[in-house]
Amino acid sequence: MTLDLAAQLNPAQLEAVQSLDGPQLVIAGAGTGKTRTLVYRVANLVHSGVAPESILLLTFTRRAAREMLRRASGILDERCQRVAGGTFHSFANLVLRRYAQQAGYADGFTILDSSDSADLIALLRADAGLNKRERRFPKKGTIQALFSRVINTGRPLEELLDEQYPQFLEELEALEALQRSYGERKKLQNVMDFDDLLVNLRDLLVAHEGVRQRLASSYRSILVDEYQDTNRLQAHIAALLASRHSNLMVVGDDAQSIYSFRGADFRNIMDFPQLFPQAKVTTLEQNYRSTQPVLDLGNAILASAREKFDKRLFTEVPGDVRPRLIHLEDDYAQAQYVCREILALREEGVPLTAMAVLARAAWHTNVLEVELGHRNIPFRKFGGLRFVEAAHVKDVCALLKLGVNPRDEAAWFRVLQLYEGVGPATAQRVSGAVLAAGGDLAPLAAPALAGRRYGEDFKALKALLEHLARDGTTVPEKLALAIEAYRDLMPKKYDDVQRRLRDLESLDTMAAHYAQMDDFLTDLAIDPPEMGRREETAEDTEDEWLTLSTVHSAKGLEWDAVFVVNLTEGQFPHYRSMEDETAYEEERRLLYVAVTRARRRLYLLHPQAVSRRGGYQDDFGAVSPLLADVEALGPLGDWVDEENFWDLEEGSEDDGGDGGGAGGDSGEVLSRIQSYFG
DNA sequence: GGGAATGCGTTTTTT
DNA sequence: ACGCATTCCC
């Protein structure tokens with residue numbers, strides 16, 4: 001098997017792909033073949049004899065990793081499928097399961113997703129009596145987000161409070177105490193939240209020399225995609241893993257950094273050469289995705305950015321259809337317009353699969369979804385509320401979790417309250433008793449409960465959990481047991497039992513792929529299925545569908561035609577980002593990401609009113625200030641600007657659309673890592 | 001005391 | 001439609 005790299009790559013890409021050793025930074029603008037470069041580099045590494053298992057590809061989603069390895073296999077051969085790949089979180093999970101003891105945990109720890117962790121925090125808040133106070137105490141979700149930010153940015157709680165919630169500064173001490181008890185309680189319950197996965201991996205690598213040596217030796221080459229969206233913790237982990245061979249390639253684009261709300265810091269990119277002074281830096285500037293008019297708009301959006309990183313993308317992709325900015329009365333008119341345009345494009349031969357509607361927030365497409373339904377246009381929705389976040393799915397998962405880890409208090413709290421006559425107080429009492437017994441289920445059958453309404457129910461629950469904990473039963477069998485028990489409990493909580501049961505059935509198809517229940521549950525938390533919440537109208541097997549997505553979930557993807565909806569002040573940019581400059585700048589980059597998803601056709605839609613809960617926003621919304629900034633620049637905002645308020649009745653005609661190893665030994669690298677990360 | 005029913009305000013982005 | 005707080009009822 002030969003690899004004709006020169007024929008497939010431009011000089012800059014080729015350079016990045018061919019230098020197999022040493023640290024490398026690739027700055028890759030949108031559409032410049034970043035993924036291509038990574039894929040070819042993986043193939044080239046394997047081709048040159050590096051064992052696939054010793055290559056680690058860290059990406060933003062697991063889907064991205066799978067896709068890249070599939071492509072690498074297509075270029076070279078099946079060996080590429082054996083490359084280790086995934087997200088930082090999934091990799092951390094893998095390592096921590098192997099070294100649970102060294103990390104201070106027991107085997108079979110369970111994962112808390114953000115809402116689980118918020119629930120646990122709420123329990124502790126109630127324990128500490130912080131509920132019944134004169135002053136309002138922050139909501140559980142707010143506290144959870146704060147704690148998470150402390151971890152992911154490495155900044156002190158006080159600073160973050162001062163910045164974001166000055167009204168809660170007076171509660172600093174109470175919050176710090178809560179933070180401590182939250183940390184202790186998780187250990188006690190043998191659970192980790194998302195942040196613990198990263199923290200514990202880093203701590204493991206720092207504190208356990210032997211483990212670090214083993215991992216750093218076994219990963220001969222490490223590649224990190226979307227490096228601009230990593231946080232400090234992740235950068236530290238990547239550096240530690242590369243401490244032996246220094247073969248770390250990071251790829252990213254500062255202009256596409258859109259996850260700072262999660263602690264991502266694009267300075268990781270800027271500082272990379274500081275950490276690895278021998279780093280080779282490659283910049284990819286030729287865009288292979290979009291036409292010049294689309295790119296011009298992208299460049300213009302960046303041009304008004306507060307912090308400029310001079311990078312001008314150019315393209316040779318032919319095409320001169322200018323982007324269109326369309327002003328509409330409201331989001332119903334917007335939905336009409338988008339549908340008609342989509343159908344028109346399809347007539348012209350653009351397949352549905354090559355079109356996407358992108359939005360700042362998942363709910364922005366709600367009105368459109370109804371309209372698409374009316375017109376029988378099949379679609380899939382990405383981003384926003386996940387399948388696994390639906391209350392009934394969480395309920396069943398909580399049951400399953402207790403089979404794996406009977407110390408998981410958040411799961412207990414959820415499960416117990418499913419029973420008639422059980423509220424927060426009883427649930428907490430019983431789960432407290434189980435926890436105090438180290439996870440023994442005996443308290444469920446305690447004589448004191450016998451006379452209660454739920455006495456018998458709890459005995460049945462005990463039997464169920466014992467069965468779920470048994471080794472001989474398969475994952476799908478356990479799931480079936482849990483659903484069967486849950487079916488009887490549903491009417492207390494929901495009136496649409498049938499619909500929810502159907503969702504649970506789809507869990508079943510997933511469960512079939514797993515031999516271990518904890519793997520199944522972990523994957524549900526860390527790598528949730530991206531199925532649209534809306535039932536696929538016709539058949540699941542529909543092979544032509546339109547993509548609806550949040551801009552965040554559209555990262556790295558591309559379509560022939562892209563519609564960006566709700567470009568209205570307060571919607572996009574989100575109103576909460578308008579006071580804060582750094583947040584506003586991130587909205588700008590977010591719009592940049594959105595428009596650079598388009599290959600040939602780009603529609604920017606500005607509904608003047610956006611419906612909320614049936615009604616309308618009080619006042620009429622101006623066009624997004626992000627676009628106003630571009631307009632102010634003059635010729636670069638050279639889009640087709642049209643108003644389309646009236647002519648939208650079904651069937652009416654309108655104007656239609658056209659529109660490594662190189663330097664430094666392990667010790668030297670380590671000391672640099674140490675001095676950088678402290 | 002604790003659980004259930006009622007009413008109100010509210011929607012960012014994700015591992 | 002959902003989470004939250006208040007009120008109502010056993």
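Each chain gets a letter, A, B and so on, in the order the sequences are listed, and its residues count up from 1. The figures that follow rest on heavy atoms only: side chains count, while hydrogens, waters and symmetry mates do not.
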Is any side-chain N or O of [X] closer than 4.0 Å to OP1 or OP2 of [N]?
| X | N | value |
| --- | --- | --- |
| A/Lys555 | B/dT14 | no |
| A/Ser553 | B/dT14 | yes |
| A/Tyr575 | B/dT11 | yes |

Heavy-atom nearest nucleotide on DNA chain B for A/Ala427 versus A/Arg576: which residue maps closer to 5'?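 Its nucleotide being nearer the 5' end, the pick is A/Ala427.
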
If each of A/Thr550 and A/Gly421 is mapped to the nucleotide of DNA chain B with the nearest heavy atom, which maps nearer the 5' terminus, i.e. the 5' end?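 Per heavy-atom nearest nucleotide, the more 5' residue is A/Gly421.
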
Nearest to the side chain of [X], heavy atoms from C-beta on, is which of [options]?
| X | options | value |
| --- | --- | --- |
| A/Arg500 | C/dC2, B/dT13, B/dG2 | C/dC2 |
| A/Thr426 | B/dG2, B/dT15, C/dC4 | B/dG2 |
| A/His574 | B/dT11, B/dT14, B/dG3 | B/dT11 |
| A/Tyr259 | B/dT14, B/dG3, C/dC4 | B/dT14 |
| A/Arg453 | B/dA4, B/dT14, B/dT11 | B/dA4 |
| A/Thr87 | B/dG3, B/dT14, B/dT15 | B/dT15 |

Round to a whole Å and report the spacing from [atom1] of [X] to [atom2] of [N].
| X | N | atom1 | atom2 | value |
| --- | --- | --- | --- | --- |
| A/Asp196 | B/dT15 | CG | P | 18 Å |
| A/Glu420 | C/dC10 | CD | P | 15 Å |
| A/Arg262 | B/dT14 | CZ | P | 9 Å |
| A/Asp195 | B/dT15 | CG | C1' | 9 Å |
| A/Leu233 | B/dT15 | CG | C1' | 12 Å |
| A/Gln417 | B/dG2 | CD | C1' | 11 Å |
| A/Asn93 | B/dT15 | CG | P | 15 Å |
| A/Arg63 | B/dT15 | CZ | P | 10 Å |

Within the structure shown, what part of the strands sits under 4.0 Å from A/Val551 by heavy-atom distance: base, sugar-phosphate, or nothing?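 Nothing, no nucleic acid heavy atom in range.
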
Under a 3.5 Å cutoff, is there a donor and acceptor pairing between the side chains of A/Gln334 and A/Asn566?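 Their side chains do contain a donor-acceptor pair, which is all the 3.5 Å distance test asks for.
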
Cut-off 3.5 Å, side chains only: do A/Asp193 and A/Ser117 have a donor facing an acceptor?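 Side chains of A/Asp193 and A/Ser117: no pair found under 3.5 Å.
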
Inspect the contact between A/Arg414 and A/Asp116 and indicate whether a charged nitrogen and a carboxylate oxygen are less than 4.0 angstrom apart. no

For the pair A/Lys186 and A/Asp196, find out whether any cationic side-chain nitrogen is under 4.0 Å from an anionic carboxylate oxygen. yes

Result of checking A/Tyr227, A/Phe60, A/Phe266 against A/Tyr259 for ring pair (Phe, Tyr, Trp, His ring centres under 6.0 Å): A/Phe60

Aromatic-base stack, A/Phe261 on B/dT13, cutoff 5.5 Å, angle under 30: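 It does: the two rings, one from A/Phe261 and one from B/dT13, meet the stacking criterion.
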
Indicate yes or no for a side-chain donor-acceptor contact from A/Gln179 to the backbone of A/Leu175 under 3.5 Å, with no hydrogens or angles considered.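 Not confirmed, A/Gln179 side chain does not pair with A/Leu175 backbone.
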
Donor-acceptor pair present, A/Ser114 side chain and B/dT15 base, under 3.5 Å: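 Side chain to base: pair found, below 3.5 Å.
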
